[in-house]
Amino acid sequence: MKLLFLGAPGAGKGTQCKLLAKEKNLLHLSSGDLLREAVKQGTEAGIQAKGFMDKGNLVPDEVLIAMFEEKLSRPELKNGFILDGFPRNLEQAKSLDSLLTRLDMGLTSVINLETSDEILEERITGRRVCPNKECNFVFHVKFAPPQKEGICDNCQTELVHRTDDKADVVKKRLSVYTEQTQPLIDFYRQKGLLVTVDGEAHPKEVFKSMLEKLNSPCVK
Ligand code: AMP
């Protein structure tokens, strides 16, 4: 399966992608995680990206396109992958199309996790993430607290509150999503690839209904 996830910040893409990657044995490529790792490592891409990320803006397309060109060209990706957070605008979507054509790979489905705006802000500002790149588990102070406050249940690393998960930056990220990323829903609907999943239920319920849809013979 070669899947792509769409959904606003806070829709639950990260959580659902991790569950699905495990269930279907797919490689999960999260643009946000890759960029945060690049920032941490101080690579050229990371240095370029940081200022944009801190303000909640999109990082320039060429940085993302180069990053995904390199990732998607790896032989281990041939067996299946999940793209999470890329593409985020039409320019990136068109570049991804040409790249996949060149690599002789096509997307199986595009999952759109639907959530209303009201719940997104509360979900994001309460989010706490594990900074360990081998783990990257996501918690929420109210909806999914870790067993021990501030510590990752999975790997015991201290959890962090991402700078761009703070209230003022979240507003900006949501408006960037509406303006630049939402048009991709129609782009992929027209290609007959869109699978819409209600992202408002408990994560386990969301996962169950997503699996049902993906396993249905009507879904490409
Ligand atoms: P995320 O963790 O997916 O919410 O991404 C965090 C931040 O990384 C975003 O607010 C953007 O600044 C940047 N980012 C992630 N993916 C992309 C992308 N496809 N294009 C441009 N910027 C991105």
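One-based numbering, in listed order, for ligands and for the atoms of each.
Taking 4.0 Å as the cut-off between side-chain N and carboxylate O, D164 and K55 do not count as a salt-bridged pair. K50 and D54 are joined by a salt bridge, as a carboxylate oxygen and a charged side-chain nitrogen come within less than 4.0 angstrom of each other.
Heavy atoms of K13 found under 4.0 angstrom from ligand 1: none, in either backbone or side chain. Using a 4.0 Å cut-off between heavy atoms, L35 contacts ligand 1 through its side chain alone, with no backbone atom that close. In L64, the part holding a heavy atom less than 4.0 Å from any atom of ligand 1 is the side chain. The part of R162 lying near ligand 1 is the side chain, judged by heavy-atom distances below 4.0 Å.
Contact analysis leaves K55 out of contact with ligand 1, as no non-hydrogen atom separation drops below 4.0 angstrom.
A cation-pi contact, defined as under 6.0 Å to the ring centre and within 45° of the axis, links K191 to F187.
Within the 4.5 Å cutoff, the side chain of V160 has heavy atoms near those of the P131 side chain. At least one side-chain heavy atom of I119 sits less than 4.5 Å from a side-chain heavy atom of S116.
The contact set between ligand 1 and G85, taken as ligand atoms under 4.0 Å from a residue heavy atom, comprises 16 (N), 17 (C), 18 (C), 19 (N).
Shortest contact from atom 4 (O) of ligand 1 to any protein heavy atom: R173 NH2, 2.8 Å. For atom 12 (O) of ligand 1, the nearest protein heavy atom (residue, atom name, distance) is N57 O, 2.6 Å. Of all protein heavy atoms, the one closest to atom 20 (N) of ligand 1 is Q92 NE2, 2.9 Å. Nearest protein neighbour of atom 3 (O) of ligand 1, counting heavy atoms only, is R88 NH1, 3.0 Å. The protein heavy atom nearest to atom 16 (N) of ligand 1 is S31 OG, 2.7 Å. In terms of protein heavy-atom proximity, atom 22 (N) of ligand 1 is nearest to V59 N, 3.0 Å.
Side chains of E37 and Q41: a donor-acceptor N/O pair is present below 3.5 angstrom, by distance only. Looking only at atom types and distance, the side chain of D153 has no donor-acceptor partner in the side chain of Q147 under 3.5 Å away.
Each of L64, L83, D84 was checked for a side-chain contact (heavy atoms from CB on, under 4.5 Å) with S31, and the lone residue meeting it is L64.
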